[in-house]
Amino acid sequence: MSDRYALIGNPVAHSKSPWIHAEFARATGQELEYGLVEAPLDGFAATVERFRTGGGKGLNVTLPFKQEAFRLCTRVSERARQAQAVNTLVLETGFGDNTDGIGLVRDLSQNLDYPFRSVLLLGAGGAAQGVVGALLEAGATKVLIANRTVARAEEVAKRFPGTAACGYESLPTQAFDLIVNATSASLADEALPVAQSAFHKKTLAYDMAYGRETPFLAAAKRAGARTSDGLGMLVEQAAESFFVWRGVRPETRPVLAKLRGS
Ligand code: NAP
(Lines give C-alpha, C1' and ligand atoms only; values in the text may rest on other atoms or scores of the structure.)
Protein backbone atom coordinates (compact mmCIF):
# COMPACT_ATOMS: atom_id res chain seq x y z
CA MET A 1 0.00 0.00 0.00
CA SER A 2 1.26 3.56 -0.79
CA ASP A 3 2.14 5.92 2.07
CA ARG A 4 -0.74 8.28 2.83
CA TYR A 5 -0.52 12.05 3.18
CA ALA A 6 -3.15 14.79 3.07
CA LEU A 7 -3.93 18.45 3.46
CA ILE A 8 -6.02 19.17 6.56
CA GLY A 9 -7.94 22.43 6.97
CA ASN A 10 -11.37 24.03 6.77
CA PRO A 11 -12.19 24.53 3.95
CA VAL A 12 -9.92 22.39 1.74
CA ALA A 13 -12.13 21.39 -1.19
CA HIS A 14 -10.52 23.61 -3.85
CA SER A 15 -6.90 22.95 -2.94
CA LYS A 16 -4.34 22.21 -5.65
CA SER A 17 -2.06 20.39 -3.19
CA PRO A 18 -3.17 16.82 -4.14
CA TRP A 19 -2.37 17.52 -7.79
CA ILE A 20 1.00 19.12 -6.93
CA HIS A 21 2.10 16.23 -4.70
CA ALA A 22 0.97 13.68 -7.30
CA GLU A 23 3.22 15.47 -9.83
CA PHE A 24 6.15 15.46 -7.37
CA ALA A 25 5.62 11.75 -6.61
CA ARG A 26 5.49 10.83 -10.30
CA ALA A 27 8.60 12.88 -11.14
CA THR A 28 10.66 11.46 -8.24
CA GLY A 29 9.33 7.87 -8.41
CA GLN A 30 7.93 7.99 -4.85
CA GLU A 31 4.92 5.82 -4.04
CA LEU A 32 2.42 7.88 -2.13
CA GLU A 33 -1.17 9.08 -2.05
CA TYR A 34 -2.12 12.64 -1.10
CA GLY A 35 -5.73 13.53 -0.27
CA LEU A 36 -7.85 16.16 1.43
CA VAL A 37 -9.20 16.06 5.00
CA GLU A 38 -11.70 18.67 6.14
CA ALA A 39 -11.62 18.92 9.94
CA PRO A 40 -14.49 20.45 11.92
CA LEU A 41 -13.44 23.75 13.51
CA ASP A 42 -13.62 22.21 16.99
CA GLY A 43 -12.18 18.83 15.99
CA PHE A 44 -8.67 19.35 14.61
CA ALA A 45 -6.72 17.14 17.07
CA ALA A 46 -9.25 14.28 16.88
CA THR A 47 -9.19 14.36 13.06
CA VAL A 48 -5.37 14.29 13.00
CA GLU A 49 -5.40 11.33 15.39
CA ARG A 50 -7.92 9.42 13.23
CA PHE A 51 -5.76 9.99 10.15
CA ARG A 52 -2.64 8.83 12.03
CA THR A 53 -4.20 5.67 13.48
CA GLY A 54 -5.56 4.90 10.00
CA GLY A 55 -1.96 4.68 8.80
CA GLY A 56 -1.45 8.29 7.65
CA LYS A 57 2.22 9.34 7.48
CA GLY A 58 2.02 13.11 7.21
CA LEU A 59 -0.23 16.13 6.93
CA ASN A 60 -0.01 19.60 5.51
CA VAL A 61 -2.00 22.02 7.63
CA THR A 62 -3.87 25.04 6.32
CA LEU A 63 -6.11 27.66 7.82
CA PRO A 64 -7.35 27.96 10.45
CA PHE A 65 -5.31 25.22 12.18
CA LYS A 66 -1.60 26.14 11.86
CA GLN A 67 -1.26 27.44 15.41
CA GLU A 68 -3.22 24.50 16.83
CA ALA A 69 -0.95 22.14 14.87
CA PHE A 70 2.07 23.83 16.51
CA ARG A 71 0.65 23.15 19.97
CA LEU A 72 0.00 19.51 19.06
CA CYS A 73 3.62 18.69 18.14
CA THR A 74 6.07 16.99 20.48
CA ARG A 75 9.07 18.46 18.58
CA VAL A 76 9.29 21.30 16.06
CA SER A 77 11.90 22.78 13.72
CA GLU A 78 13.52 26.11 14.59
CA ARG A 79 11.54 27.87 11.85
CA ALA A 80 8.25 26.46 13.22
CA ARG A 81 9.25 27.49 16.74
CA GLN A 82 9.89 31.05 15.56
CA ALA A 83 6.60 31.12 13.67
CA GLN A 84 4.64 29.29 16.39
CA ALA A 85 2.71 27.83 13.47
CA VAL A 86 3.09 24.46 11.73
CA ASN A 87 2.07 23.56 8.18
CA THR A 88 3.85 20.18 7.94
CA LEU A 89 3.31 17.29 10.36
CA VAL A 90 5.32 14.05 10.45
CA LEU A 91 2.87 11.78 12.21
CA GLU A 92 5.18 8.89 13.16
CA THR A 93 7.37 11.19 15.26
CA GLY A 94 5.06 14.08 16.22
CA PHE A 95 7.49 16.47 14.48
CA GLY A 96 6.20 19.77 13.07
CA ASP A 97 7.77 22.11 10.54
CA ASN A 98 6.81 25.30 8.78
CA THR A 99 7.68 25.52 5.08
CA ASP A 100 5.67 28.66 4.23
CA GLY A 101 8.59 31.06 4.75
CA ILE A 102 11.10 29.16 2.66
CA GLY A 103 8.34 28.66 0.07
CA LEU A 104 7.75 32.40 -0.25
CA VAL A 105 11.46 33.27 -0.27
CA ARG A 106 12.25 30.62 -2.93
CA ASP A 107 9.44 31.93 -5.11
CA LEU A 108 10.76 35.50 -4.73
CA SER A 109 14.40 34.60 -5.33
CA GLN A 110 14.30 31.67 -7.76
CA ASN A 111 11.08 32.09 -9.75
CA LEU A 112 10.60 35.87 -9.67
CA ASP A 113 14.28 36.85 -9.27
CA TYR A 114 13.26 39.71 -6.99
CA PRO A 115 15.71 41.15 -4.43
CA PHE A 116 14.14 43.25 -1.63
CA ARG A 117 15.07 45.23 1.49
CA SER A 118 11.94 46.93 2.84
CA VAL A 119 8.85 44.79 3.36
CA LEU A 120 5.27 45.60 4.35
CA LEU A 121 3.59 42.42 5.56
CA LEU A 122 -0.20 42.58 5.70
CA GLY A 123 -1.70 40.13 8.20
CA ALA A 124 -0.52 38.48 11.40
CA GLY A 125 -2.13 35.03 11.17
CA GLY A 126 -0.49 31.66 10.60
CA ALA A 127 0.76 32.48 7.12
CA ALA A 128 2.25 35.84 8.10
CA GLN A 129 3.97 34.38 11.18
CA GLY A 130 5.39 31.63 8.99
CA VAL A 131 7.19 34.04 6.65
CA VAL A 132 8.66 36.79 8.91
CA GLY A 133 11.76 34.81 9.90
CA ALA A 134 12.49 33.73 6.33
CA LEU A 135 12.09 37.30 5.00
CA LEU A 136 14.61 38.56 7.59
CA GLU A 137 17.03 35.74 6.80
CA ALA A 138 16.70 36.49 3.09
CA GLY A 139 18.00 40.02 3.69
CA ALA A 140 15.00 42.19 4.56
CA THR A 141 16.32 45.14 6.58
CA LYS A 142 12.89 46.44 7.51
CA VAL A 143 9.69 44.44 8.02
CA LEU A 144 6.54 46.31 9.06
CA ILE A 145 3.66 44.02 10.07
CA ALA A 146 0.22 45.59 9.65
CA ASN A 147 -2.90 43.85 10.86
CA ARG A 148 -6.61 44.57 11.40
CA THR A 149 -6.19 43.42 15.02
CA VAL A 150 -3.16 45.53 15.95
CA ALA A 151 -2.41 43.62 19.19
CA ARG A 152 -1.84 40.47 17.14
CA ALA A 153 0.69 42.26 14.89
CA GLU A 154 2.43 43.67 17.99
CA GLU A 155 2.68 40.20 19.52
CA VAL A 156 4.31 38.85 16.33
CA ALA A 157 6.69 41.84 16.02
CA LYS A 158 7.87 41.30 19.61
CA ARG A 159 9.12 37.83 18.66
CA PHE A 160 11.15 39.06 15.68
CA PRO A 161 13.79 41.73 16.40
CA GLY A 162 14.06 44.14 13.47
CA THR A 163 10.32 44.22 12.82
CA ALA A 164 7.61 46.71 13.81
CA ALA A 165 3.82 46.59 13.99
CA CYS A 166 0.92 48.91 13.17
CA GLY A 167 -2.76 49.01 12.25
CA TYR A 168 -4.06 49.91 8.79
CA GLU A 169 -5.08 53.40 9.92
CA SER A 170 -1.47 54.25 10.83
CA LEU A 171 0.32 52.79 7.81
CA PRO A 172 3.20 55.04 6.71
CA THR A 173 2.89 56.59 3.26
CA GLN A 174 6.43 55.71 2.20
CA ALA A 175 6.99 53.12 -0.53
CA PHE A 176 8.16 49.53 0.10
CA ASP A 177 10.17 47.16 -2.12
CA LEU A 178 7.83 44.31 -1.32
CA ILE A 179 4.25 44.26 -0.03
CA VAL A 180 2.96 40.82 0.90
CA ASN A 181 -0.73 40.23 1.45
CA ALA A 182 -0.85 37.39 3.99
CA THR A 183 -4.44 38.09 5.07
CA SER A 184 -7.41 35.96 4.14
CA ALA A 185 -9.26 39.09 2.93
CA SER A 186 -8.62 38.03 -0.67
CA LEU A 187 -10.60 34.83 -0.13
CA ALA A 188 -13.68 37.04 0.40
CA ASP A 189 -12.62 39.42 -2.41
CA GLU A 190 -12.22 42.20 0.14
CA ALA A 191 -9.84 45.11 -0.46
CA LEU A 192 -7.26 46.25 2.11
CA PRO A 193 -6.82 49.93 2.99
CA VAL A 194 -3.25 50.28 1.69
CA ALA A 195 -2.46 53.76 0.31
CA GLN A 196 -1.37 54.09 -3.33
CA SER A 197 1.80 55.78 -2.06
CA ALA A 198 2.95 52.49 -0.48
CA PHE A 199 3.58 51.21 -4.02
CA HIS A 200 6.26 52.56 -6.30
CA LYS A 201 7.04 51.48 -9.86
CA LYS A 202 9.49 48.86 -8.63
CA THR A 203 7.36 47.54 -5.75
CA LEU A 204 6.40 43.90 -6.00
CA ALA A 205 2.89 43.36 -4.62
CA TYR A 206 2.62 39.70 -3.68
CA ASP A 207 -0.72 38.11 -2.74
CA MET A 208 -0.50 34.71 -1.07
CA ALA A 209 -3.92 33.95 -2.59
CA TYR A 210 -3.77 32.54 -6.10
CA GLY A 211 -5.83 31.76 -9.16
CA ARG A 212 -7.36 35.17 -9.75
CA GLU A 213 -6.71 38.90 -9.64
CA THR A 214 -7.58 39.91 -6.08
CA PRO A 215 -8.66 43.47 -5.11
CA PHE A 216 -5.16 43.88 -3.55
CA LEU A 217 -3.38 42.97 -6.81
CA ALA A 218 -5.78 45.12 -8.85
CA ALA A 219 -5.03 48.14 -6.60
CA ALA A 220 -1.28 47.50 -6.90
CA LYS A 221 -1.53 47.35 -10.70
CA ARG A 222 -3.45 50.63 -10.78
CA ALA A 223 -0.56 52.17 -8.80
CA GLY A 224 1.90 50.87 -11.42
CA ALA A 225 3.49 48.15 -9.23
CA ARG A 226 4.66 44.72 -10.35
CA THR A 227 2.38 41.93 -9.07
CA SER A 228 2.44 38.22 -8.32
CA ASP A 229 -0.08 35.78 -6.91
CA GLY A 230 0.91 33.04 -4.44
CA LEU A 231 0.94 30.07 -6.79
CA GLY A 232 4.75 29.89 -6.79
CA MET A 233 4.80 29.95 -2.99
CA LEU A 234 2.23 27.15 -2.93
CA VAL A 235 4.43 24.94 -5.12
CA GLU A 236 7.66 25.82 -3.27
CA GLN A 237 6.24 25.20 0.22
CA ALA A 238 4.80 21.91 -1.03
CA ALA A 239 8.23 20.89 -2.39
CA GLU A 240 9.84 21.60 0.98
CA SER A 241 7.15 19.55 2.79
CA PHE A 242 7.75 16.73 0.30
CA PHE A 243 11.45 16.92 1.18
CA VAL A 244 10.71 16.82 4.93
CA TRP A 245 8.60 13.67 4.47
CA ARG A 246 10.51 11.80 1.76
CA GLY A 247 14.07 13.17 1.86
CA VAL A 248 13.84 13.90 -1.87
CA ARG A 249 13.63 17.40 -3.33
CA PRO A 250 11.34 17.58 -6.36
CA GLU A 251 11.86 20.07 -9.19
CA THR A 252 9.33 22.87 -8.93
CA ARG A 253 9.60 24.77 -12.22
CA PRO A 254 7.87 22.17 -14.44
CA VAL A 255 5.02 21.84 -11.93
CA LEU A 256 4.57 25.60 -11.67
CA ALA A 257 4.66 25.95 -15.46
CA LYS A 258 1.98 23.27 -15.84
CA LEU A 259 -0.21 24.97 -13.21
CA ARG A 260 0.14 28.28 -15.03
CA GLY A 261 -0.76 26.50 -18.25
CA SER A 262 2.48 27.42 -20.01
P1 NAP B 1 -5.35 33.03 9.48
O2 NAP B 1 -4.36 32.46 10.44
O3 NAP B 1 -6.79 32.75 9.66
O4 NAP B 1 -5.12 34.64 9.48
C5 NAP B 1 -5.95 35.46 8.74
C6 NAP B 1 -5.35 36.85 8.66
O7 NAP B 1 -6.14 37.64 7.74
C8 NAP B 1 -5.36 37.62 9.98
O9 NAP B 1 -4.26 38.49 10.02
C10 NAP B 1 -6.68 38.42 9.89
O11 NAP B 1 -6.68 39.59 10.67
C12 NAP B 1 -6.64 38.80 8.42
N13 NAP B 1 -7.95 39.12 7.85
C14 NAP B 1 -8.98 38.27 7.61
N15 NAP B 1 -10.00 38.93 7.02
C16 NAP B 1 -9.61 40.22 6.90
C17 NAP B 1 -10.22 41.39 6.36
N18 NAP B 1 -11.45 41.37 5.85
N19 NAP B 1 -9.51 42.55 6.36
C20 NAP B 1 -8.26 42.59 6.88
N21 NAP B 1 -7.63 41.50 7.41
C22 NAP B 1 -8.30 40.34 7.41
O23 NAP B 1 -5.02 32.58 7.97
P24 NAP B 1 -3.59 32.22 7.36
O25 NAP B 1 -3.31 30.77 7.56
O26 NAP B 1 -2.62 33.22 7.87
O27 NAP B 1 -3.83 32.41 5.79
C28 NAP B 1 -3.95 33.71 5.21
C29 NAP B 1 -4.01 33.61 3.69
O30 NAP B 1 -2.77 33.14 3.15
C31 NAP B 1 -5.08 32.65 3.17
O32 NAP B 1 -5.69 33.26 2.07
C33 NAP B 1 -4.28 31.45 2.71
O34 NAP B 1 -4.93 30.71 1.71
C35 NAP B 1 -3.02 32.11 2.20
N36 NAP B 1 -1.84 31.21 2.18
C37 NAP B 1 -1.26 30.92 0.99
C38 NAP B 1 -0.15 30.12 0.95
C39 NAP B 1 0.51 29.80 -0.37
O40 NAP B 1 1.29 28.87 -0.41
N41 NAP B 1 0.27 30.56 -1.42
C42 NAP B 1 0.40 29.57 2.13
C43 NAP B 1 -0.21 29.91 3.33
C44 NAP B 1 -1.34 30.72 3.35
P45 NAP B 1 -7.16 39.55 12.23
O46 NAP B 1 -5.98 39.03 13.01
O47 NAP B 1 -7.49 40.96 12.52
O48 NAP B 1 -8.35 38.62 12.27
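All values derive from a computational prediction rather than experimental measurement. When a ligand or atom number is given, it counts from 1 through the structure's own listing order. In this chain, numbering begins with 1 at the start of the sequence shown.
The distance criterion of under 3.5 Å between nitrogen or oxygen atoms is not met by Gln237 with respect to ligand 1. Distances between N or O atoms of Ala127 and those of ligand 1 include at least one value under 3.5 Å. Close N/O approach between Leu231 and ligand 1 is not found [any backbone or side-chain N/O within under 3.5 Å]. At under 3.5 Å, a nitrogen or oxygen of Asn147, whether backbone or side chain, sits near a nitrogen or oxygen of ligand 1. For the pair Leu234 and ligand 1, the shortest N or O to N or O distance falls below 3.5 Å.
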Just do the side chain to side chain contact (heavy atoms under 4.5 Å, CB included) check on Ile145 and Phe160 with the steps written out, would you?
CA-CA 11 Å; Ile145 305 163; Phe160 294 94; 5.5 Å; no
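Under 4.0 Å from ligand 1, the heavy atoms of Arg152 that appear belong solely to its side chain. Under 4.0 angstrom from ligand 1, the non-hydrogen atoms of Ser184 come from both its backbone and its side chain. Residue Leu187 touches ligand 1 through its side chain alone, judged by heavy-atom distances below 4.0 Å. At a heavy-atom distance under 4.0 Å, no atom of Asn87 approaches ligand 1.
Looking from atom 36 (N) of ligand 1 to the surrounding protein, the closest heavy atom is Met208 CB, 3.9 Å. In this structure, atom 28 (C) of ligand 1 lies nearest to the protein heavy atom Ala182 O, 3.4 Å. Ranking the protein heavy atoms by distance from atom 16 (C) of ligand 1 puts Arg148 NH1, 3.3 Å first. When only non-hydrogen protein atoms are considered, atom 47 (O) of ligand 1 lies nearest to Thr149 OG1, 2.5 Å.
Side-chain contact check for Thr88 and Ser241: at least one donor-acceptor pair (N or O, by modelled atom type) lies under 3.5 Å. If you check the side chains of Asp177 and Tyr114, you find no donor sitting under 3.5 Å from an acceptor. Checked by atom type, the side-chain pair Asn60/Tyr34 shows a donor-acceptor distance below 3.5 Å.
With respect to Glu240 and Arg79, a salt bridge is recorded, a charged nitrogen being found less than 4.0 Å from a carboxylate O. Ionic pairing of Arg71 and Glu68 is not present here: no N-O contact between side-chain nitrogen and carboxylate oxygen is shorter than 4.0 angstrom.
Under the 4.0 angstrom criterion, atom 42 (C) of ligand 1 counts as having a protein heavy-atom contact.
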